Amino acid sequence: MKLDSKIPEGHISQKWTDYKDHLKLVAPNNRPKIDIIVVGTGLAGASAAASLGEMGYNVKAFCFQDSPRRAHSIAAQGGINAAKNYQNDGDSIFRLFYDTIKGGDYRAREANVHRLAEVSGNIIDQCVAQGVPFARDYGGLLDNRSFGGTQVQRTFYAAGQTGQQLLLGAYSALSRQIGLGRVKMFNRHEMLDLVKVDGKARGIIARNLVTGELERHSAHAVVIASGGYGNVYFLSTNAMGSNVTAGWKIHKQGALFANPCFVQIHPTCIPVHGTNQAKLTLMSESLRNSGRIWVPKKKEDAEAIRAGKLKPTQLSEEDRDYFLERKYPAFGNLVPRDVASRAAKEVCDEGKGIEANDTNEGVYLDFSTEIQNKGKQAAYAQGNHNPTPEEVTSLGKQWLKEKYGNLFTMYQKITDENPYETPMKIYPAVHYTMGGVWVDYNLQSTIPGCFVAGEANFSDHGANRLGASALMQGLADGYFVLPYTVSNYLADEIRTGKISTDTQEFADAENRVKDSIDKFLNNKGSKSVDHFHKRLGLIMWNKVGMGRNEAGLKEAIAEITALKEEFYRDVNVPGNADELNPQLEKALRVADFIDLGQLMAMDALQRNESCGGHFREEYQDAEGETLRDDENFSFVGAWEYKGDDITKEELHKEELKYEFIKIAARNYK
């Protein structure tokens, strides 16, 4: 199979504009004759469904939650990037493009990333028009803050709940189309298979999660916007319902799955508390603007802190190791996420972790310096040039509260510690997945008529995503890319007419789903679905996590083979098919996670280099930084499904060509 990315010719600054000018169109009077299915209603799905509905297409939107407002996009805290240069600090479309390519360790497709940077400013205008309450400065202009991997301030934000506010904006646009009858919303429905007719995507089989009924839905095109697959690790910052099933089902129908081993470990999560924990909580990367990350310099001080004999506030500045500032002075605490995460693991591996949990892993995120600095500034602004220490501290805490108050409250409710007084405890955890379904420049998979948007595709982030770029990509795909590229595809579908669901292809797909459900319900096993999911998660975290090596990856592949066999033999799924059955939902999702986990280990094993979030311990330089192999691995690894035995999947390569930037070693020092 030859991969055709369909990247247009021309200078990179003109590719998208020229390409749009020559795409085929569907006239307004013909759009009501065409049906589109959108699976997932987070930022990418909701914006796509709203935009396509606004254009006049008949749209069916599906989400497994009780409302699109429950999509995992609401969990994004810190902000959304855009190259508007409001701070006049040297930002530009090209600089956002370059930062994204560099941040992804030169493993992203150049043309897609530049398009993302181009449309970023339009996203902000769109969201402001929808009423998204972005933070503003004293003069009423939109405010910006810094984020990891950049030296400019380009991140727009709404306190610590940017994702929620952006999703409410997209949801309002979606609701308008629902009210006008152009979008039909199917809440509490889960896509369980893709239907192809004559090689084209023509519909889906969905399960009504309340009644258990299997439903056939046809369309002229299908858009998958179902998010990422971080829950393959069991413990992650993802919502517990987040899954890979929609993406994996189209993979089994012929869509290639690209770069599955590229997983982002976020450096600022609340550490694991115990073995029964089912969910991890993210603390926004925006906190790294104001917090300084450190561990004790001496192992004995770390041991005393873990034992409760020493408080972090009792440790002098000289006895603290601000390791990111020490190792990366140019970026300090705002290095990219993969760099910060590995550095935290390194100091904890040296025995300097501060959290008294099973692993002794954790570092401090300390706001005391910021409290003093901002407190003095606030006092001075009030005309008080000689404030007392108490006044400085009070004003500094007030400044932090205005900037990050909801995040601090969330942390205190979870940990019962006051982060204004005691440094936050953080440690890296699985957060975002850069890999996903392979798509071309049109965001179309290798199945004609099946498009993939947002985190579900692989296209824009390479081996590591810069903070505040997930929201940017989701909305860029939904508002500003798919309306053009899907229309270009649908221009040839005007005469197709209504697609019947009463065909053999739909019957076969429905029977596949029924067989899978019956297999689980009739299995008289003895162990719960979570039992197997946790075991899969441990294999993945220990051997396909932050540090990977050849021996561990080979062990993971073999262990997952054995786990899969045991899962199908001994899993117990209570209840029936024709009712609300959360355990059945879990079983179907975990079955896909097991297959995906094995493919992730295979992908990591074949990539004999370190890049971004993929850190092979055999491939690092003398200072422990990633050691890329641009000569042999400057490609997208896209896998083709070859049947139930995942080890038989075939790797296809899309060579990455950089015409407009110079590839270099990443340097944040």
Side-chain angles (χ1 to χ4, degrees), residues 1-26 36 44 47-48 51-52 93-94 96-98 100-101 104 106-120 122-123 200-201 221-225 247 250 254-259 262 434-462 465 469 472-492 634-638 652-661:
M1 180 185 296
K2 181 171 173 54
L3 293 175
D4 181 6
S5 57
K6 296 186 173 62
I7 297 171
E9 297 295 323
H11 190 274
I12 198 160
S13 64
Q14 295 300 314
K15 282 183 190 288
W16 177 234
T17 300
D18 292 345
Y19 189 66
K20 281 192 301 181
D21 288 345
H22 296 90
L23 289 175
K24 291 179 283 187
L25 302 175
V26 178
I36 302 172
S47 59
S51 300
L52 294 166
I93 288 172
F94 184 86
L96 173 54
F97 157 65
Y98 176 77
T100 305
I101 292 283
Y106 303 92
R107 291 294 177 263
R109 189 190 286 153
E110 199 178 51
N112 286 63
V113 176
H114 196 278
R115 175 175 64 189
L116 177 65
E118 283 181 67
V119 304
S120 64
N122 296 342
I123 297 170
K200 294 182 178 181
V222 176
V223 176
I224 304 296
I250 67 171
L256 301 194
F257 208 98
N259 297 339
F262 286 169
M434 285 76 66
V437 178
W438 186 90
V439 292
D440 61 17
Y441 191 69
N442 295 319
L443 304 185
Q444 185 172 224
S445 71
T446 42
I447 301 172
C450 182
F451 296 79
V452 187
E455 191 178 354
N457 74 31
F458 88 100
S459 69
D460 292 359
H461 305 296
R465 177 175 66 77
S469 286
M472 176 174 62
Q473 187 211 345
L475 292 178
D477 288 354
Y479 284 138
F480 299 110
V481 179
L482 285 174
Y484 294 96
T485 61
V486 172
S487 292
N488 177 67
Y489 171 80
L490 292 173
D492 296 327
S634 186
F635 63 78
V636 175
H652 302 274
K653 299 177 182 179
E654 178 198 342
E655 299 299 326
L656 292 169
K657 297 175 183 176
Y658 294 100
E659 301 177 65
F660 300 95
I661 61 167

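Keep in mind that what you see is a predicted model, and the values were worked out from it rather than measured.
Nearest heavy-atom pair across G478 and S47 is CA-OG, 3.2 Å. Contact between L3 and A638 at its shortest, heavy atoms only, is CD1-CB, 4.0 Å. The minimum heavy-atom distance between V222 and A201, with the atom names listed, is CG2-CB, 4.3 Å. When all heavy atoms of K15 and P8 are compared, the closest pair comes out as NZ-O, 2.7 Å. When every heavy atom of G254 is checked against every heavy atom of T446, the shortest pair comes out as O-OG1, 2.9 Å. Here the closest non-hydrogen pair linking S487 and V26 is O-CG2, 3.6 Å.
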Mind running side-chain contact (heavy atoms from CB on, under 4.5 Å) on Y106 and I661 for me, showing each step along the way? CA-CA 10 Å; Y106 303 92; I661 61 167; 4.1 Å; yes

Take Y479 and V119 through the test side-chain contact (heavy atoms from CB on, under 4.5 Å) and record every step on the way to the result. CA-CA 9 Å; Y479 284 138; V119 304; over 6 Å; no

Kindly indicate, with the supporting measurements, whether the criterion side-chain contact (heavy atoms from CB on, under 4.5 Å) is fulfilled by H114 and I101. CA-CA 9 Å; H114 196 278; I101 292 283; over 6 Å; no

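Residues satisfying the side-chain contact (heavy atoms from CB on, under 4.5 Å) criterion with N488, sequence neighbours excluded, are L23, K24. Not a single ring pair (Phe, Tyr, Trp, His ring centres under 6.0 Å) links H22 to another residue, sequence neighbours left out.
When the shell of 6.0 Å around CD of E655 is examined, it contains more than 12 heavy atoms from other residues, nucleotides or ligands. Residue Y484 places its OH atom among 12 or fewer non-hydrogen atoms of other residues, nucleotides or ligands, all under 6.0 Å distant.
Looking at R115 and D460, their side chains never come closer than 4.5 Å, going by heavy atoms from C-beta outward. Proximity of E659 to E110: side-chain heavy atoms (C-beta onward) are separated by under 4.5 Å at one or more points. The closest side-chain heavy-atom distance from L256 to M1 is below 4.5 Å. With contacts defined as side-chain heavy-atom distances shorter than 4.5 Å, the pair K200/Y489 qualifies. Residues L96 and S120 are in side-chain contact: their nearest non-hydrogen atoms beyond the backbone lie under 4.5 Å apart.
The structure places CG of D477 at 10.5 Å from CE of M472, a figure rounded to the nearest 0.5 Å. Interatomic distance, OG of S13 versus CG of D18, reported as 9.0 Å (0.5 Å rounding). For the atom pair L490 CG and T485 OG1, the distance stands at 9.5 Å (nearest 0.5 Å). A distance of 9.5 Å separates OG of S51 from CG of L475, quoted to the nearest 0.5 Å. Distance OG1/T100 to CG/L116: 6.5 Å, rounded to 0.5 Å.
Between F458 and the choices N259, N112, V452, the side chain to side chain contact (heavy atoms under 4.5 Å, CB included) rule is met once, by N259. Considering R465, E455, H461 as possible partners of Q473, the one that fulfils the side-chain hydrogen bond (donor to acceptor under 3.5 Å, both in side chains) test is H461.
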Would you mind writing out the side-chain donor-acceptor pairs for residues 436-443 within the sub-3.5 Å range, not counting sequence neighbours?
unit_1	atom_1	unit_2	atom_2	d
W438	NE1	E654	OE1	2.8
D440	OD1	N442	N	2.8
D440	OD1	L443	N	3.3
D440	OD1	Q444	N	3.0
N442	OD1	Y19	OH	2.7
N442	ND2	Y19	OH	3.2

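The aromatic rings of F94 and F97 sit perpendicular to each other, their planes meeting at more than 60°, with 30° as the lower class boundary.
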